[in-house]
Amino acid sequence: MDPSEVEFLAEKEVVKIIPNFSLDKIYLIGGDLGPFNPGLPVDVPVWLALNLKQRQKCRIVPPEWMDVEKLEEIRELERKEDTFTPVPSPYYMELTKLLLNHASDNIPKADEIRTLVKDIWDTRIAKLRLSADSFISQQEAHAKLDNLTLMEINTTRSFLLDTLNCMYKLRSNLQPGASGGKAQDHH
Amino acid sequence: METHSYFPVPPGVGMEENFLSLDDILLSHERLPSRTECTFPRLGFLEKSSDSRDIQEGTKMEMPLFLAKGLYERKRRVVSVELPKVYKEGWRTVFNADPTVVDLHKMGPYYYGLGSQLLHFDSPENPEIAQAVLQTFIGRFRRTMDSSQNAYNEDTSALVERLDYLERALFRAGQSGLNSFQNWERGRASTITASSLVLNYRKRKITDLQP
């Protein structure tokens, strides 16, 4: 999967905006949006929010978790725990990038938030690598990884799957006579 | 995203070879030290070291893997295959001690593939070879992973130099994951395009459906 495809999925997340125009309810396949009234907050998907923002027709209200104090808390927890902690949004990385790139004037302390999210991401990726390593070195057959987001899985997917595939085949060499490596095919 | 004009077939890695894999084809040309167990009449021209017409019984020679596999039979002993030195006891101890220091490209470069293929020849050391090959892979995994996921935008030839071909393929997989993420983060991701299937799909007209 390409990161831009993951980003595409993230654009379906809902975000609050404050429009400065008025428009009746609009009916889309994905659901009804609006009505839009100047000054009244309304929930819309991210793709629409960014589009309106680029045309300067709205102000984006950052999601609750996009806040320096809350993110600092998450970062500390993430560093303390050995396992993956629950993230505020399954698309936290993508949303941070999208909102900060297009609407940084609506988000207080945008630079700090960017650094914090990057810190959280780095901590989690390091953890992911560590657990992948112990997974391989202990030759485990299955593992449970809670709270991982799609983008995180996506960065290491092909590498990890190929490695596990190779390891499975090398391991089936240990039992002579068994026709190894035929049954398994990822993708 | 890396695109190929064709879909490369991955190597079989285990005891089964992938017929269409280029790596496995090259692997089948690796030379194995072997010894003839009967006389091969009139094939002396294949053996450059002697002038005789036949290849005598007990001649030691190097044979490509595909030939050795074809000639080897459990019941009728035609050739016997010796282990290449990387798979022998001495080197196995080295791999056991620290697999990461070995230059597998120089020793292989198809260390894992050849190691698995050697299991076709009944050798009393087969279980140890399989174990050593697996442990080497596991021992070197961390290094392959770390180097492939950290080297961004730099010359990787020094990192790749000592890797076996199998590990190089893994290294490339890791690099493509890292690169595509970094490109996305820097806003250089490719634009998503609709699938060609969808683009060529015309809406059905009601007249087409009702004859």
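The figures here come from the full heavy-atom set of this structure, side chains too, leaving out hydrogens, waters and symmetry mates. Within every chain, numbering begins at 1; the chains are lettered A, B, ... in the order of the sequence lines, protein sequences first and strands thereafter. Note that this is a predicted model, so its numbers are computed, not measured.
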**Q** To the nearest 0.5 Å, how far apart are CD1 in A:Ile136 and CZ in B:Arg142?
**A**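 Going from the CD1 atom of A:Ile136 to the CZ atom of B:Arg142 covers 11.5 Å.
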**Q** B:Ala173 and A:Ser158: which non-hydrogen atoms are nearest, and at how many Å?
**A**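 Answer, listing the atom of B:Ala173 first, then A:Ser158: O-OG, 3.6 Å.
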**Q** Between atom CG of A:Asp2 and atom CH2 of B:Trp184, what is the distance when rounded to the nearest 0.5 Å?
**A**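 A:Asp2 atom CG to B:Trp184 atom CH2 measures 11.0 Å (nearest 0.5 Å).
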**Q** Tell me, for B:Leu170 versus chain A, whether the close heavy atoms (under 4.5 Å) come from the side chain, the backbone, both or neither.
**A**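 The answer is both parts of B:Leu170.
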**Q** Does A:Arg157 have more than 12 heavy atoms from other residues, nucleotides or ligands lying within 6.0 Å of its CZ?
**A**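 Yes, the 6.0 Å shell around CZ holds more than 12 heavy atoms from other groups.
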**Q** Can you tell me how far the CD1 atom of B:Ile138 sits from the OG1 atom of A:Thr163, to the nearest 0.5 Å?
**A**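 Between B:Ile138 CD1 and A:Thr163 OG1, I get 11.5 Å after rounding to 0.5 Å.
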**Q** When you look at CG of A:Asp82, are more than 12 heavy atoms from neighbouring residues, nucleotides or ligands closer to it than 6.0 Å?
**A**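 Count not over threshold, so no.
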**Q** Side chains of B:Leu134 and A:Gln139: closer than 4.5 Å at any heavy-atom pair?
**A**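 A side-chain contact exists here, since the closest heavy-atom pair is under 4.5 Å.
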**Q** What residues of residues 31-39 of chain B make heavy-atom contacts with chain A at a cutoff under 4.5 angstrom?
**A**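 Contacts with chain A: none.
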**Q** Tell me, for B:Ile129 versus chain A, whether the close heavy atoms (under 4.5 Å) come from the side chain, the backbone, both or neither.
**A**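 Contact with chain A: none, neither part.
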**Q** Heavy-atom count check: over 12 atoms from other residues, nucleotides or ligands less than 6.0 Å from A:Glu64 CD?
**A**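 No, because the 6.0 Å sphere around CD of A:Glu64 holds 12 heavy atoms or fewer from other groups.
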**Q** What is the distance from atom CG of B:Asn126 to atom CG of A:Leu174, rounded to the nearest 0.5 Å?
**A**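 Separation between the atoms: 11.0 Å.
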**Q** Hey, what do you get for CZ (B:Phe141) to CG (A:Leu160), rounding to the nearest 0.5 Å?
**A**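 Separation between the atoms: 6.0 Å.
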**Q** So, A:Lys169 side chain and B:Ser116 main chain: donor-acceptor pair closer than 3.5 Å or not?
**A**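 Absent.
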**Q** Could you tell me which portion of A:Met151 (side chain, backbone, both or neither) has an atom closer than 4.5 angstrom to a non-hydrogen atom of chain B?
**A**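 The answer is the side chain of A:Met151.
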**Q** Can you find a heavy atom in the side chain of A:Cys166 that is under 4.5 Å from one in the side chain of B:Phe137?
**A**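 The answer is yes, as the side chains (C-beta and beyond) meet within the 4.5 Å cut-off.
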**Q** Would the number of heavy atoms belonging to other residues, nucleotides or ligands and lying under 6.0 Å from CD of A:Glu69 be above 12?
**A**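 At most 12 heavy atoms, drawn from other residues, nucleotides or ligands, come within 6.0 Å of this atom.
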**Q** Non-hydrogen atoms of chain A under 4.5 Å away: do they reach the side chain of B:Gln149, the backbone, both or neither?
**A**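 B:Gln149 touches chain A through backbone and side-chain heavy atoms alike.
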**Q** Sort and list the pairs that fulfil ring pair (Phe, Tyr, Trp, His ring centres under 6.0 Å) and have at least one residue in residues 81-126 of chain A, not counting sequence neighbours.
**A**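 The answer is A:Trp121-B:Phe181.
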**Q** Tell me, do A:Asn173 and B:Val133 make a side-chain contact under 4.5 Å, heavy atoms counted?
**A**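 No, every pair of side-chain atoms sits at 4.5 Å or beyond.
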**Q** Looking at every heavy atom in both A:Pro3 and B:Ser180, which two are closest together, and how far apart are they?
**A**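 That closest heavy-atom pairing would be CG-O, 3.4 Å.
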**Q** Report which part of A:Leu98 has an atom under 4.5 Å of a heavy atom belonging to chain B: side chain, backbone, both, or neither.
**A**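 Contact with chain B is absent: no heavy atom of A:Leu98 under 4.5 Å.
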**Q** Measure B:Asn179 against the heavy atoms of chain A and call it side chain, backbone, both or neither at under 4.5 Å.
**A**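 Looking at B:Asn179, nothing touches chain A.
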**Q** Name the region of B:Gln175, side chain, backbone, both or neither, that has any atom closer than 4.5 Å to a heavy atom of chain A.
**A**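 For B:Gln175, neither part sits under 4.5 Å from chain A.
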**Q** Verify the neighbour count for atom NZ of A:Lys118: are there more than 12 heavy atoms of other residues, nucleotides or ligands below 6.0 Å?
**A**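 Buried by this count: over 12 neighbours within 6.0 Å.
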**Q** If you measure from OG1 on B:Thr144 to CZ on A:Phe159, what distance do you get to the nearest 0.5 Å?
**A**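 Rounded to the nearest 0.5 Å, the OG1-CZ separation comes out at 6.0 Å.
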